[in-house]
Trainee: 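The structure under discussion is supplied below as structure tokens; questions concerning it will follow.
Reminder, nothing fancy here: chain letters follow the sequence lines and each chain counts from 1. Just so it is clear, the structure is predicted and the values come from calculations on it, not from any experiment. Atom set for the values below is all heavy atoms of this structure, side chains included, hydrogens, waters and symmetry mates excluded.
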Amino acid sequence: MRLSQNPISTLKEVPADAEVISHRLMLRTGMIRRLAAGLYVWLPLGLRTLRKVERIVREEMDRAGALELSMPTVQPAELWKESGRWIKYGPELLRFKDRHDREFVYGPTHEEVITDIARRELRSYKQLPVNFYQIQSKFRDEIRPRFGVMRAREFLMKDAYSFHIDEASLAEGYRLMYEAYSRIFTRIGLKFRAVLADGGSIGGSVSQEFHVLAESGEDAIAFSDGDDYAANLEMAASVAPALPRPAAAESLTKVPTPNARSIAELSAQLGVDAARCVKTLLVDGRDGGVVALLVRGDHEMNAVKAQKLPEVAVPLRMASATRVREATGTEPGFIGPLSFTGKIYADHAAAQLADFICGANEKDMHFRGVNWGRDLPEPQSVDIRNVQAGDPSPSGRGTLQIARGIEVGHIFQLGQLYSEAMHAGVLDEQGKSVTMFMGCYGIGVTRIVAAAIEQSHDANGIIWPQAIAPFQVVLVPINYQKSTRVQEAADALYREFGVAGIDVLLDDRDARPGVKFADSELMGIPHRIVIGERGLDAGTLEYRHRGGTESTDISVTDPVGYIQHKLNS
RNA sequence: CGGGGCGUGGCGCAGCCUGGUAGCGCACUUGCAUGGGGUGCAAGGGGUCGCAAGUUCGAAUCUUGUCGCCCCGACCA
């Protein structure tokens, strides 16, 4: 591409609402433009990178034996009603009607459509296993789209769905996808980690997410420093303390704690560690009542874990102030388990405490010296808290660290969740009908582009990994418009790179060198060759790598060979 | 959904409090100079101030409504 022919210029200033670095750089380089909240136009420069990511994904999916197809973005509501997700999916599902008043959705994912295809087309176990995939736009009406294309409403996704005769085959298909994903992210040049995950709204049992490690990531992930255990914070199991609970030493006393509505205030007023306090959280119950969830004062409740408890309503909701009053006779801040009559769950760590402090179900009062088994019944002990850095790893080796990640891939073993609801079966070797087992596997193609920038940039701009750079080489001629020699040399070089099949950008704009240097760095093109009269006199060109700070003179005789060597090393 | 904030040329902003017919920087156009790190000088083009209604002789400015967007929160017990 000749840069003089690209009408999109780079920006020095960026819209004030762009927060994260990838969003700012994508706007400044002219990769994307915002159309509306969560909707982005991919301009020529951005699309080049997007297509390169797509190509790598496609190559590795094909290599893993998956078959590409393409499904409509618009789907009939009947399929969603059949799977049950018409009700379960919530407002993120964009629903609309056509001129005949028939209901449709804009697909946020395609389990229903692919299962419909599978039940029509697949008749025999001999056709299994099979894995279908597509790379296509999805729409999810996010509560709060943000961070540019990182959490957009419409985005490009690679989604794959596999069908199997039994669980063993599903596990094998899942393993193949795990390996394909690892190859994909490695080829793209990302620092990533596969972590144990929750199924979320897609459902299913076994599932792992692939996270790109970056400070700006929206997810917290916990990983062991002793082995390769890694899990989304939502899922990371906290290990129950092994020691026996200390014996009760204090007697139960009620103490005044005026306005101590938070653990921080409470522990300050009483001069005790937050870890000796118990937080009582009331959440809505499944049967209409409330459920008490107890965690240690220095711990945080984990909503994903808590809503797996049978009595807890899904999705998890904190009880309203009115219901708190009905259930306890007091207001939030002074709730405790002692006179509470509803269902009580205590986190393992809270259940392990002796002589602890908790609310007295009376305004401005707490109990001290509370002991399980003596002052109230032994609790049902469960894991309902987030792990913290320093906690022992559930793998038994090492302690947990917390890092932030951007979820770029997610793989699931769905089992028979959809195939059962939608009656997708095949005949087995005995001629008996068997419900198929399914897996599904997603990659956020557009999100990968943003994640790559988050992970690799500096003060001057993007530093693209080789594999997804919009151009591999940029040619910067000095005084292109005035110097015939420079122009001829640059044009010749541009042709040679093109013939060699290397993606080359020629900055033939009538701009000063400083502008071109700044732009080449902003755009993050890995290899730069400067062509100037001085160098031509000496028979040299100037080479510089985007990541480096030094330029080196190279001979004019074979710059293409020089770059090819760099690309292959 | 709750709280806060913002809508003024393509982008970043000032003007609004105290009404008098819109300004600055970047970008863009033209010319001259410059030509190895976002160069300088000069001359230009471009905005019915989100939209609607109201108050007023007069509204970017005051009032009401409406639409759009952004940020924070959604463990607080």
Trainee: Test for a donor-acceptor pair under 3.5 Å between the base of rG38(B) and the side chain of Arg28(A), counting only N and O atoms.
Mentor: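 Between rG38(B) and Arg28(A), which were checked side chain against base, a qualifying N/O pair under 3.5 Å is present.
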
Trainee: I'd like to know whether Glu218(A) forms a salt bridge (charged side-chain N to carboxylate O under 4.0 Å, His left out) with Arg146(A), so could you lay out the CA-CA distance, the side-chain angles of the two residues, the decisive distance to 0.1 Å, and finally the verdict.
Mentor: CA-CA 11 Å; Glu218(A) 291 190 89; Arg146(A) 62 184 130 181; 3.6 Å; yes

Trainee: Nearest-Å distance, CG (Leu35(A)) to P (rC70(B))?
Mentor: 12 Å

Trainee: Can you tell which of rC69(B), rC72(B), rU34(B) lies closest to the side chain of Arg512(A)?
Mentor: rU34(B)

Trainee: Salt-bridge test for Glu13(A) and Arg28(A): reply yes if a basic N is under 4.0 Å from a carboxylate O, no otherwise.
Mentor: no

Trainee: I'd like to know if Asp298(A) pairs up with Lys279(A) as an ion pair, taking the criterion as any Lys NZ or Arg NE/NH1/NH2 lying under 4.0 Å from an Asp or Glu carboxylate oxygen.
Mentor: no

Trainee: P atom, rA60(B) versus rU21(B): distance in rounded Å?
Mentor: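 Going atom to atom, P in each nucleotide, I get 10 Å.
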
Trainee: Rounding to an integer number of Å, can you tell me how far Leu27(A) CG sits from rA27(B) P?
Mentor: 18 Å

Trainee: Among the nucleotides rG36(B), rC71(B), rA77(B), which one has an atom lying closest to any side-chain atom of Ser262(A)?
Mentor: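 For Ser262(A), the side-chain atoms sit closest to rA77(B).
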
Trainee: Donor-acceptor pair under 3.5 Å: do we get one between Asn479(A)'s side chain and the base of rG36(B)?
Mentor: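 Flag unset: no donor-acceptor pair detected.
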
Trainee: Which nucleotide in the list rG36(B), rC71(B), rC75(B) gets nearest to the side chain of Glu542(A)?
Mentor: rG36(B)

Trainee: Any side-chain heavy atom of Trp86(A) within less than 4.5 Å of one from Val105(A)?
Mentor: yes

Trainee: Identify which nucleotide among rG38(B), rC75(B), rG36(B) has an atom closest to any side-chain atom of Val515(A), counting heavy atoms from C-beta outward.
Mentor: rG38(B)

Trainee: Kindly point out which of rG37(B), rG38(B), rU39(B) is positioned nearest to the side chain of Thr10(A)?
Mentor: rG38(B)

Trainee: Set out, line by line, the N/O atom pairs under 3.5 Å between protein and nucleotides 6-14 of chain B.
Mentor:
unit_1	atom_1	unit_2	atom_2	d
rC11(B)	O2	Glu13(A)	OE1	3.3
rG12(B)	OP1	Ala16(A)	N	3.0

Trainee: Under 3.5 Å between N/O atoms: give me all the protein pairs with nucleotides 1-4 of chain B, atom names plus distance.
Mentor:
none

Trainee: rA77(B), rG37(B), rG36(B): which one has an atom nearest the side-chain heavy atoms of Ile478(A)?
Mentor: rG36(B)

Trainee: Looking only at side-chain atoms of Ala518(A), point me to the closest of rG38(B), rC72(B), rG36(B).
Mentor: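 Of all the options, the side chain of Ala518(A) is nearest to rG38(B).
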
